[in-house]
Amino acid sequence: MSSVASSHSRELFSPELIAKYDRSGPRYTSYPTAAQFHDYTVADYERAARASNVAGAELSLYVHIPFCATVCFYCGCNKVITKNRAHAVTYLEGLAQEIRMQAALYDGQRRVRQMHWGGGTPTFLDATQIAHLMGLLKDNFRCEVGPDSEYSIEIDPRACAPGTLGQLRELGFNRVSFGVQDFDPDVQVAVNRIQSQAVTLGAIEEARNAGFGSVSLDLIYGLPRQTRASFARTLAEVIAIRPERLSIFNYAHMPHLFKSQNRIDASTLPPPAEKLAILHHTIDVLTEAGYQYIGMDHFALPHDELARAQRAGTLHRNFQGYSTHAGCDLVGLGVSSIGMLEGSYHQNRKALPDYYAALEGGQLCVTRGVVLDDDDRLRRHVIMRLVCAQDLDIAATEARFGISFKDYFADELTALAAMVEDGLVEIEPAVIRVREAGRMFLRQICMCFDRYVNRVDHTHRYSRAI
């Protein structure tokens, strides 16, 4: 690492800035966030889904597979820990019913441009079940795989049988995300995720040989027993692999929300100074290695679609993170999944017994959500532009929403004034621009425009920025 890069990183992370802005806040995979979801009926959703056919936007499908054979102590996902594969049979029966009911609401000519399978562990399903599920989706939705499609799946390399990645590629998946978190053996023991480097490299090699055009790795900083030196070794191994994308998440220790985190010894977590040093080094080495910082802990090589979409101004963000295609209506399938239509968000029941009970009663599983008003739509536009592009065209926003920006957002501009002084944001008559130092505090910048987040103390709901 060059001394110039290291010095530059230290400038961006002064202790004063960290102390001032490292507070809890949303990650803005939506606005309003899921914290604002409330009672939302199946009838509400059905009306919204049918109304969306008028605009005829392309579709994005999210399929949630909740099962994992073992528990990773850090995990905050909606999951079911079981080694009993029979659970997948029951779940697929329910999912098949939901897929048919959901598809009946949408115009069959609407193309599925994006698809994402997450979990849990999607490859908890065996080869026959994977093929069956994709067949159900293709039979009920217009799933046409093309060069502009993005079909992605999350993979645990420990639960990926030989030949699985080749099968997934043949079924139409073209992007794969591998969970790694950390290669250090002591850290892996502390979080109950034993995963050899050989297993990970073998899965990545198989994916590339199968023709996957984009490979992404997930890492986490701030895990127990992790140090700057240990994570530096992991980063060196990752850079040698040269994945197209990297997601490097900040571990949020919130055992009051996620039961499995109670099994982590909090005394082994890196102290704030060490955690900050890990982040310093991560940004330095990835930048020096040629990765483009996308935002919200995501990095991509310049040739990857994610980086190209950011440069072209077409980057989008939803409940699966950053996406290359804006404008799709998102249909959530499976327990706890979240969907997004132009004017509303909605979420399925979170517990499997409740999910099954709704389907047995012949009902969709939607149980909560939110309908956006005009103010929500405006603020969503502002926040998503800042999150995805790190700038906002003020005149274009005024023209689109029929407002005077300085009048409508007078209080918000006042709140941003301190960030301007601290070198995080630039405000000009025509544009609000996030400066390089401010990219680490995107959540805090966006919170200035969030009319909900400051009404209640969300310290125990959201993670801290660093």
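As the structure is a computational prediction, the values presented were derived from the model and not from experiment.
- A donor atom on one side chain and an acceptor atom on the other are found under 3.5 Å apart for S149 and R111.
- Every residue meeting the side-chain contact (heavy atoms from CB on, under 4.5 Å) condition with K406, not counting sequence neighbours, appears here in chain and number order: S404, L413.
- Looking at Y221 and D297, their side chains never bring a donor and an acceptor atom within 3.5 Å of each other.
- A donor-acceptor contact shorter than 3.5 Å is absent between the side chain of D329 and the backbone of A57.
- Checked against a 6.0 Å centroid threshold, the rings of Y62 and F319 do not count as neighbours.
- A 4.5 Å side-chain heavy-atom check between Q347 and T367 finds every atom pair outside the cut-off.
- Proximity of C446 to Y31: side-chain heavy atoms (C-beta onward) are nowhere separated by under 4.5 Å.
- Between the side chain of N348 and the backbone N or O of Y355 there is no donor-acceptor pair closer than 3.5 Å.
- A donor and an acceptor atom, one from each side chain of Y408 and D375, are located under 3.5 Å apart.
- Listed for the E58 side chain is no donor-acceptor partner under 3.5 Å among the backbone atoms of V112.
- Classified by interplanar angle (parallel below 30°, tilted 30° to 60°, perpendicular above 60°), the ring pair F449/F409 is perpendicular.
- Looking at E150 and S323, their side chains never bring a donor and an acceptor atom within 3.5 Å of each other.
- Residues P157 and T200 come closest through the heavy atom pair CB-CA, 4.1 Å.
- Less than 6.0 angstrom separates the ring centroid of H381 from the ring centroid of F401.
- With sequence neighbours excluded, the residues forming a ring-ring contact (aromatic ring centres under 6.0 Å, His included) with Y45 are H346, listed by chain and number.
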